[in-house]
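Structure first, then comments.
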Amino acid sequence: MNILIPHSWLLEHLDTKAKPKDIQRCLSLCGPSVERINVVDSEPVYDIEVTTNRIDAMSVRGIAREAAAILPQFGIKAKLKSLQLPKVSSTIPFDITITNNPKLCHRILAIKLENVKISDSPDWLKNRLNQVGQRPLNNIIDITNSVMWELGHPIHAFDYDRLTQKTIIVREAKKGEKFTTLDNKTHVLKGGEVVFDDGTGQIIDLPGIMGTKNTVVTDKTKTVLLWTESIDSRKIRQASMGLAIRTQAAILNEKDVDPELGATALLQSIKLARNLAGATIGSRLIDIYPHPPVITSTVLNQELIDTYLGLHLEPQKIIAILKSLGCIVDLRSNIYHLQPPSWRAKDLTIPQDYIEEIARIYGYHNLPSLLMSTAIPDNPPDDNFQLEHQIKTWLAAWGLTEVYTYSLVAQPDAKNNLKLTNPLTDDMVYLRQFLIPSHLQVIHQNKNKPDVSIFEMANVYLPKPKELPIHELHLTLTTNKDFLWLKGIVEALFKKLHISATFTPTEILVSKTKLGTIGRVAPNIYAADLAVGHLIKHSSAYPHYRPLHTTAPIIEDMTFTLPPQTYLGQVITAIKSTSSLIESETLKDRYENNSTFTITYRNPKSQLTDHDIVPLRSKITARVSALG
Amino acid sequence: MLTLDQILSFKNQALALISQMEKSADLKQLRQEYLGRKGQINSLVKQLAHLESGQKSNLGRAVNEAKSAITQSLDHKLLAISHTPDWLDVTQPGTQPPVGHLHPITQAINEITRIFEHLGFTRVRYPEVDWDYYTFEALNMPPGHPARDEWETFFIAAPAHPRLGQLVLTPHTSNGQVREMERVKTPPIRMINIAKCYRRQQDLTHTSMFHQFECLVIDKGINIQHFKATIDYFARHFYGPKAKSRLRPFHFQFTEPSFEVDFTCSLCHGQGCKFCKSGWHEVAGAGMVHPNVLKAGGIDPNQYTGFAFGMGVERAYTLKPRLQLDDIRYFYSNNLDFLSQF
């Protein structure tokens, strides 16, 4: 989450002569990242990213506190200014009955303000709100928004007179209850959200998130009930997410804002309401705070700090850093006994949390950079990433172009595709089980190209009840060139991998395992799809060496006239299985029904003669004719 | 009757004639005349038949010598004249073999893998569709934790596992952390997990599907300096010797301390330019492994420490010097005009 902070507002809390550029550089290295400095109203406005664990820094004062700890590390003087808060000593009775549920709400602070004159805010306040992207409304609302920005605790102003029952009951909402927020939107509650009830069942606030229309301050308001509360952060989150109301208040309150800060925020608002709206105190200050949170101490070993930093840091330095962040530090025989300030109570809970504070303020840039000299593990898993890459390299070298297509597709391609519950767009809803449809799209997209030959190696995800889906790595090759070229690529790949595969009319087999398929997938488009796991399992990095020949082969061509639609694969098998003396049989030519094979005969042990070939030749003829 | 002189004189004449030839066609004709089936050598061989056996072997050897001398001479001459071509236009375009292309992501992944292998990292592969447990819970993000919002996660419509929770498309490669601890059991661990990731975003710098690599190192005494050196090593080898890194404090639930890692802009080397604005590019999330994550992986945080970081492959690659690619959606456009540039 980001917060905008005008430079002049920061200086109301921070005494420093640091230039905005220095503040940006130093804070970014040691604390919240100052992503940009915008110039708004001819003044620098910091755009600062605050991490979710540092809700205490989500305010002008929070950033000032960080700067006061960080800038001196760079030799730049900086000091946090103290807040000038009014004292409220009124004893006028408070005439609203509050029924709290301490499980839902940890603290309530309230005070009645009278003689309020609603008007526009003065220009300085309006400008300030504009600079941080908030819309000025009227002086009272602007005060609550501005104090939230300044101190980091949300604050609410009710119209006292519109609280007709003078009763506020803290309770959980029932399913189906309705209410209208101050922006005029009606919401239906899901049940369990924390709401304020006026005793008649009517909802008069969605506390910690947004006010309701029926009790909000208007132009006619004369008396205000100024209010802060600490609703349970999980409840805030549940309601804010469930109702999709993501206000600044909700973003803060769901992350455990320090309840101690409630009083500061209320007093600061009283000060401003007096000055800007002529308000007078109309009641004593109510503070319902049954169980102030217990702040846990942590024990931290000097040795652990040194382990994490890889060097020894002097205790003096460590103590100074932790104290600059508001921690109470007690060092006894190399062990630090630490207590965080209330605003860091939820964030600093384990030794490593403090090590982070020490390390960042000391400065990561001040730590050396040294490679580890620990043992190198020797326990690789089975995957052969190198061979996967080698396969890709071969395919690219043979003229194919590698693509990466999305594994999420618009339409299911099987009976049981995994489906997203929250797709972003209609074209990415299902997890695919086949790559080919995506490849057809690629070919279509590149239809101005004469030759599109692509490949991809990617997982498909096959569901399995009660288990993780099977992640099956596929290698898919698709071309609009011609079938025999594609088949040649696949054959060449098998040759490189020393795989001897069989192509049947329906699948590619290697020792009875299905390696994949090859065929026509659309008019003039051909594809091969191979299971990479099997491919690698049956591959070999080197051949089974055979001694070089000492005898000469006899090579001759044979032409067969075959019936139409005879699978040549069968013919080849028939020839091959005729005799072990047949070394190879390659298709030389195919014209209409005639196929010519070059047949190589060899006996590795003795020299063959024409005489030896005669019976083989007729046997081949007989076997091939038997196929027809 | 054939004599030795006749043979020698035939040989000398032939060699002389061959040496005078300047055209390959003429050499071809001479080859035919001397070595062809009806050529002069064969006719000499035929004449040998009429000789007595003593003579035959002597003259036979001479004929063989003549034959090999002529053959050699023809070959040499042919080679010699073909080296003085009439005219060759070396500027005309060549006949190229088909040139295919590895996808830039593959090239990047391969380069990243090699860099970390040199540092003794083991490459692994972990699920891209995984349980909530490995994706969030084991990483110190219990169900409902606001930190989960930072990942725009896609969820799968399938019944939840009673212990491991819902099926999700992994929005990061960090699910490999606890899985690697479970696989290795006892450190040392130096893992690099590279996988597809998915997030509910699509714009100039985000695609719903992308790739990340995740490094995890666990052993006794692993410290922040080790992390700095590892990331510096990567930066120098991936971007060049001038590349530098810096760490900024950050927050992740699964690391403590946590950092964000910036690399110097490869165009201006950290001076600040139009491309980078600040001189730096934010590239990775990192930190020292949180004790709760070590515990989830069955490793004793009192004995071991570690660091981990995750980086987008697309992001890392687009920051390469002079690449100047500012829209990562092109990686998945599968436009051949784009891919054939790589």
Side-chain angles (χ1 to χ4, degrees), chain A residues 28-31 33 51-53 237 254-255 307-310 352-353 355-356 359-360 364-365 367-372 374-377 379-381 383 385 389 392 395-407 418-422 424 428 442 445-446 449 452 459 461 468-469 471, chain B residues 98-103 105-106 110 113 120 122-125 127-130 144 146-147 154-158 161 184 188-190 196 200 202 208-209 217 219 221-226 228-230 232-233 246-251 256-257 259 288 290-291 305 331-332 334-336 339-340:
Chain A
S28 297
L29 277 175
C30 296
S33 194
T51 54
T52 51
N53 60 324
R237 180 164 167 78
E254 71 177 10
K255 297 181 186 84
T307 298
Y308 270 77
L309 267 55
Q352 282 78 3
D353 292 330
I355 291 174
E356 176 169 62
R360 74 178 175 96
Y364 295 123
H365 55 285
L367 289 178
S369 162
L370 181 74
L371 277 174
M372 50 272 174
T374 47
I376 289 176
N379 47 12
D383 299 86
F385 296 103
H389 187 72
K392 293 177 172 190
L395 294 175
W398 294 330
L400 289 95
T401 294
E402 187 184 14
V403 296
Y404 275 64
T405 55
Y406 288 117
S407 350
L418 290 172
K419 189 182 177 192
L420 298 183
T421 56
N422 57 339
L424 180 65
M428 296 195 210
V442 174
Q445 275 167 251
N446 289 281
K449 297 270 178 311
V452 183
N459 276 332
Y461 310 100
L468 280 189
H471 292 48
Chain B
V99 179
H101 305 273
L102 285 181
H103 196 282
I105 296 301
T106 290
N110 188 48
T113 306
T122 303
R123 181 157 172 205
V124 294
R125 169 151 39 215
E128 294 162 352
V129 183
D130 205 349
F154 284 119
F155 293 92
I156 304 272
H161 186 283
V184 174
I189 289 175
R190 289 190 197 187
K196 285 192 163 80
R200 276 189 98 250
Q202 185 89 9
S208 298
M209 182 182 87
V217 174
D219 208 338
I222 294 298
N223 63 47
I224 300 172
Q225 299 185 21
H226 297 146
K228 282 185 73 172
T230 303
D232 282 341
Y233 181 92
R246 75 171 180 193
L247 307 189
R248 282 181 292 104
F250 205 69
H251 174 71
E256 191 71 50
F259 335 109
M288 302 299 288
H290 195 285
T305 51
F331 287 129
Y332 302 103
N334 295 308
N335 180 328
L336 288 191
L339 293 175
S340 58

Of the listed residues (B:Thr305, B:Thr113, B:Ile224), which shares the most heavy-atom pairs with chain A below a 4.5 Å separation? B:Ile224

Go through the atoms of B:Asn334 and report whether side chain, backbone, both or neither lie under 4.5 Å from a heavy atom of chain A. both

Which one of A:Lys255, A:Glu254, A:Lys449 has the most heavy-atom pairs closer than 4.5 Å to chain B? A:Lys449

Can you name the nearest heavy-atom pair linking A:Ser28 to B:Pro249, along with the distance? O-CD, 3.6 Å

Spacing of B:Tyr332 atom OH and B:Ile105 atom CD1 [to the nearest 0.5 Å]: 4.5 Å

Does any backbone or side-chain atom of A:Met428 lie under 4.5 Å from a heavy atom of chain B? Answer side chain, backbone, both or neither. side chain

I'd like to check B:Arg125 versus A:Pro381 (side-chain heavy atoms, cut-off strictly below 4.5 Å). Are they in contact? no

May I ask you to check whether over 12 heavy atoms, not counting those of A:Lys419, lie within 6.0 Å of atom NZ? no

Side chain, backbone, both or neither: which part of A:Leu400 has a non-hydrogen atom closer than 4.5 Å to chain B? backbone

Tell me which of these, A:Lys392, A:Arg360, A:Gln445, has more heavy-atom pairs under 4.5 Å with chain B than the rest. A:Lys392

Is chain A contacted by the side chain of B:Arg190, its backbone, both, or neither, given a heavy-atom distance below 4.5 Å? both

Closest-packed option against chain A by number of heavy-atom pairs under 4.5 Å, given B:Pro127, B:Ala229, B:Pro291: B:Ala229

Residue part contacting chain B, namely of A:Asn379, when any heavy atom lies under 4.5 Å: both

Any side-chain heavy-atom pair from A:Tyr308 and A:Glu356 closer than 4.5 angstrom? no

Are B:Asn223 and A:Leu309 close enough that some pair of their side-chain heavy atoms sits under 4.5 Å apart? no

Tell me, side chain or backbone of A:His365 under 4.5 Å from chain B's heavy atoms, or both, or neither? backbone

Side chain to side chain donor-acceptor pair (under 3.5 Å) with B:Lys196: which residues, sequence neighbours excluded? none

Relative to chain A, which of B:His226, B:Arg246, B:Gln225, B:Arg248 shows the most heavy atom pairs under 4.5 Å? B:Gln225

Quick one: what part of A:Pro469 sits under 4.5 Å from any heavy atom of chain B, side chain, backbone, both or neither? side chain

The interface call for B:Asn335 against chain A, heavy-atom contacts under 4.5 Å, is both

Do B:Glu128 and A:His471 have side-chain heavy atoms sitting under 4.5 Å apart? yes

Sort A:Ala375 into side chain, backbone, both or neither according to what part of it lies under 4.5 angstrom from a heavy atom of chain B. both

Mind checking whether A:Met372 and B:Val217 have side chains closer than 4.5 Å, heavy atoms only? yes

Is A:Tyr406 close to chain B through its backbone or its side chain, or both, or neither, when contacts mean heavy atoms under 4.5 Å? both

Between the side chain of A:Asn446 and the main-chain N/O of B:Leu336, is any donor-acceptor distance below 3.5 Å? yes

With a 4.5 angstrom heavy-atom cut-off, which part of B:Phe331 approaches chain A: side chain, backbone, both or neither? backbone

Minimum heavy-atom distance between B:Lys228 and A:Pro368, given as atom pair plus value: CD-O, 3.8 Å

Counting heavy-atom pairs under 4.5 Å to chain B, which of A:Thr401, A:Thr421, A:Asn422 comes out on top? A:Asn422

B:Met209 side, atom CE; A:Thr405 side, atom OG1 - distance, nearest 0.5 Å: 6.5 Å

Of the backbone (N, CA, C, O) and the side chain (C-beta and beyond), which part of B:Thr230 lies under 4.5 Å from a heavy atom of chain A, both, or neither? both

At a heavy-atom separation under 4.5 Å, does B:Ile189 approach chain A through its side chain, its backbone, both, or neither? backbone

Return the option, out of A:Thr52, A:Leu370, A:Leu395, with the maximum number of heavy-atom pairs under 4.5 Å with chain B. A:Leu370

Assert top hit (heavy-atom pairs under 4.5 Å, partner chain A, pool B:Pro188, B:Gly221, B:Gly120, B:Ser208) equals B:Pro188

Nearest-0.5 Å distance that lies between atom CG in A:Asn53 and atom CD in B:Glu256: 7.5 Å

Non-hydrogen atoms of chain A under 4.5 Å away: do they reach the side chain of B:Met288, the backbone, both or neither? side chain

Side-chain donor/acceptor of A:Glu402 to backbone N/O of B:Leu102, under 3.5 Å: no

Given that the side chain runs from C-beta out, which part of B:Val129 has a heavy atom under 4.5 Å from chain A: side chain, backbone, both or neither? both

